[in-house]
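A, B, ... follow the sequence lines: proteins, then strands. Residue 1 opens every chain. All values below were derived from every heavy atom in this structure, side-chain atoms included, with hydrogens, water molecules and symmetry-related copies excluded.
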There are 2 protein chains.
Amino acid sequence: MTDTAPRPTLEAVAARAGVSRATVSRVVNGGDGVRDILVERVRKAVEELGYVPNQAARSLVTRRHDAIAVVVAEPETRVFADPFFALQLRGISKELTAHDNQLVLLLTEGRDDHARVGRYLAGGHVDGALVFSLHLDDPLPELIQRAGVPTVFGGRPGWSGDRRDVVYVDSDNRGGARDAVRHLAGLGRTRIAHITGALDQTSAVDRLDGYRDVMADADPRLIAEADFTPAGGERAMRELLGRCPDVDAVFAANDLTASGALRVLREAGRRVPDDVAVVGFDDMLPLAEQTDPPLTTVRQDIEEMGRLMARLLLRGLDRGTPREGAGDTRSGVVLPTTLVRRASA
Amino acid sequence: MTDTAPRPTLEAVAARAGVSRATVSRVVNGGDGVRDILVERVRKAVEELGYVPNQAARSLVTRRHDAIAVVVAEPETRVFADPFFALQLRGISKELTAHDNQLVLLLTEGRDDHARVGRYLAGGHVDGALVFSLHLDDPLPELIQRAGVPTVFGGRPGWSGDRRDVVYVDSDNRGGARDAVRHLAGLGRTRIAHITGALDQTSAVDRLDGYRDVMADADPRLIAEADFTPAGGERAMRELLGRCPDVDAVFAANDLTASGALRVLREAGRRVPDDVAVVGFDDMLPLAEQTDPPLTTVRQDIEEMGRLMARLLLRGLDRGTPREGAGDTRSGVVLPTTLVRRASA
DNA sequence: GCAGGTGGTGAGAGCGCTCTCGCGCCCGCG
DNA sequence: CGCGGGCGCGAGAGCGCTCTCACCACCTGC
């Protein structure tokens, strides 16, 4: 672990190029209004000295940081057990990188961390925040909103209904759910059950709503509540089999849940899809491809969600490519989903 | 997206508390050498004004940033397809948070990004870096080392043999592999095969070495090369069955590979574990629990690896709890693994 | 009772950058 | 040939903080 050598300053570059600090600064920041001869000379000096601007000094005066916080509130390990989070992060990273912004990651667990995150964001260390608010009762979004930091949410926050200034990006959970259920209906299934996700999350609520859109007059006993986990899926599937032995299809709120349901179905001697067809949600790989049978599911473009979140935020900050998809700063952007047919339905 | 209000400065707090800037600064940074009466007065003023120090201004003079870069070089999506990365990140995040450091995430893909990362690190925006170098020929580690930023590597870098100043944290891949193979041997298996990982990664090489430690005089045809993917596992397993039909056990380089192997074995009508016992590596959940049969595998404490990396780096920077596990700044730290017995072996 | 600490405080000089301003130069026009 | 107006550049004032240093009590010891 070596110490970093003393880095050359603007002053040094200026001296070497035989110009003033101001001119070097202009060149470094685009070089408008400087004669080509000088631009060239300064560039050369920068090169030779290996000059890199001191971001701290720059931020001090510009009050920008070219840094965005990504806040992932996840008391449970769920987010970590699937690639969802990582993919979104990657989309975000790509977009931020393309616009020369840094990504400051804040992972929170438990209430204690909320204050810390609030303080950090209020502290003006970053220009904006991307926040994943997964739970309806999560105080974090409110807290962040209050910190006065420009924010884009990943997933519809629970309270967005009453606030038109909330910007978020979400998948079309409801539409995707409708597609899944319609697909099952199209297969001739009539006793289509739904295993819900954790209903304190908007995604679970929206998927349930989608199910209801299609199955308006369905037997309410065909709905079993679970929590997005395989174990929850198993439990719910057992319930379902006990309650409605004639069930011939299941739409599970996500692939993990579906995998649990599949296992119970197999144990119960029900053939999939012959006896019971199963559809999941997420298209979580490799899981969805490797269940037995491979899972028909609803795919969402997670990486694109991340990218879009970043783009929206940057645009709100007057960064990013101007007018690209002009005026698209609607408060909520919903990305389409697609049904991926495999063997389970 | 509201604009942030003008924040109070040290000066403002000083005025309100009736002291000098210097005194406020002292209080904000611990309050040593200031009378309790004044400390109290300053604290009150800070509270009332909602003062938060301007990190940019502070960094400008202290030359510290209390920020650590986490560099994840991953051209392939592999890292994103499993929770490995996320868990490690979480461990890192916990440790950094505990010491009030920020986590700047740099994801790279492809050669172009290397220069960008190098520039960023050399730019002195962060105090140190945690780098995941997964490939033997990755130029990134060298590049980073040259940038003169204190660095801890995740996973043994390929070239660490010749450089004693390289600090890294790794799992005991070799020892874990030995345990796995010994376990299979203990089951009375004699034709134990190994499906390797991508051999341009040290973890794959080390696991292969562990296999060889136990199976010194094994039939070389029992070794099939794969790449950590399920598809690779399938391919290798087919090869193996063709080459050595009498194979009675398989140690796969990771769980993904093992899952592919399991599928091929099932198709081939071999019962697991009766005909062929299978052991994986990683204990990747939920996959490992949900294969058919559930996978016996080698677990590594991934979160702890992350935490340890952060701790080592912070300690190297003279931060972190002093003397905690004194003098433990060895160049390489290897974490133990444990065999998790499930049904497949 | 005075030299020599000692512990608490404030004044002030930067850290490296941006940005406003004004000055000089050269152009075009009258 | 003189004068107004750009345009290109440099001087200098900060941004908000830390940290050294000098200063001013007050306290100890001879």
Side-chain angles (χ1 to χ4, degrees), chain A residues 3-43 45-46 49-67 100 122-127 319, chain B residues 3-43 45-46 49-67 100 122-127 319:
Chain A
D3 266 340
T4 87
R7 296 200 289 134
T9 120
L10 250 204
E11 192 77 51
V13 178
R16 179 162 196 120
V19 296
S20 73
R21 266 186 356 258
T23 296
V24 178
S25 177
R26 279 186 272 258
V27 171
V28 169
N29 294 291
D32 302 328
V34 180
R35 279 175 308 159
D36 293 354
I37 313 94
L38 286 193
V39 171
E40 209 40 56
R41 224 155 73 199
V42 171
R43 289 252 161 81
V46 165
L49 264 45
Y51 169 76
V52 184
N54 180 320
Q55 187 58 44
R58 178 180 282 176
S59 292
L60 183 54
V61 28
T62 58
R63 274 115 205 297
R64 350 191 324 186
H65 301 85
D66 293 315
D100 264 311
H125 302 287
V126 292
D127 303 329
R319 312 244 238 289
Chain B
D3 264 341
T4 88
R7 296 199 290 136
T9 116
L10 249 205
E11 192 77 51
V13 178
R16 180 162 194 118
V19 296
S20 72
R21 266 188 356 257
T23 297
V24 178
S25 177
R26 277 187 274 258
V27 171
V28 168
N29 293 292
D32 302 329
V34 181
R35 276 175 309 156
D36 293 354
I37 313 95
L38 286 192
V39 171
E40 210 38 59
R41 223 155 75 200
V42 170
R43 290 253 161 83
V46 165
L49 265 44
Y51 169 77
V52 184
N54 180 318
Q55 188 58 43
R58 181 179 280 176
S59 292
L60 184 53
V61 30
T62 60
R63 275 119 204 297
R64 328 188 351 174
H65 302 84
D66 293 315
D100 265 312
H125 302 288
V126 291
D127 302 329
R319 312 242 237 290

[X] [atom1] - [N] [atom2] separation (whole Å):
X: A:His65; N: C:dC17; atom1: NE2; atom2: C1'; result: 13 Å
X: B:Ile37; N: C:dG7; atom1: CD1; atom2: P; result: 16 Å
X: B:Arg35; N: C:dT9; atom1: CZ; atom2: C1'; result: 8 Å
X: B:Glu11; N: D:dC17; atom1: CD; atom2: P; result: 9 Å
X: A:Asp32; N: D:dG6; atom1: CG; atom2: C1'; result: 17 Å
X: A:His125; N: D:dC17; atom1: NE2; atom2: P; result: 11 Å

What's touching nucleotides 18-26 of chain C from the protein side, N or O pairs under 3.5 Å?
from	atom 1	to	atom 2	distance (Å)
C:dT18	OP1	A:Asn29	ND2	3.1
C:dT18	OP1	A:Arg58	NE	2.9
C:dT18	OP1	A:Arg58	NH2	3.4
C:dT18	OP2	A:Ser25	OG	2.6
C:dT18	O4	A:Arg21	NH2	3.0

Selected nucleotide, minimal atom distance to [X] side chain, candidates [options]:
X: A:Thr9; options: C:dC17, C:dT9, D:dC9; result: C:dC17
X: A:Thr23; options: C:dC15, D:dC9, C:dC17; result: D:dC9
X: A:Arg63; options: D:dG10, D:dG16, D:dC9; result: D:dG16

Along DNA chain C (nearest heavy atom to each residue), the more 5'-positioned of B:Gly18 and B:Leu60: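 Per heavy-atom nearest nucleotide, the more 5' residue is B:Gly18.
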Within-4.5 Å side-chain heavy-atom neighbours: A:Val28 and A:Arg58: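 They are in side-chain contact.
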Close side-chain approach of B:Ile37 to B:Glu40, heavy-atom, < 4.5 Å: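 When only atoms from C-beta onward are counted, B:Glu40 and B:Ile37 do not touch, as no gap falls below 4.5 Å.
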Qualifying residue for side-chain contact (heavy atoms from CB on, under 4.5 Å) with A:Val24, from A:Thr9, A:Val34, A:Val19: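 Result for side-chain contact (heavy atoms from CB on, under 4.5 Å) with A:Val24: A:Val19.
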Steps toward side chain to side chain contact (heavy atoms under 4.5 Å, CB included) verdict (A:Asp66, A:Asp100): CA-CA 7 Å; A:Asp66 293 315; A:Asp100 264 311; over 6 Å; no
Minimum heavy-atom distance between B:Leu49 and B:Arg16, given as atom pair plus value: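 So the two residues come closest at CD1-CD, 3.2 Å.
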Closest contact, heavy atoms only, A:Gln55 versus A:Arg64: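 Distance-wise, the nearest heavy atoms are NE2-O, 4.3 Å.
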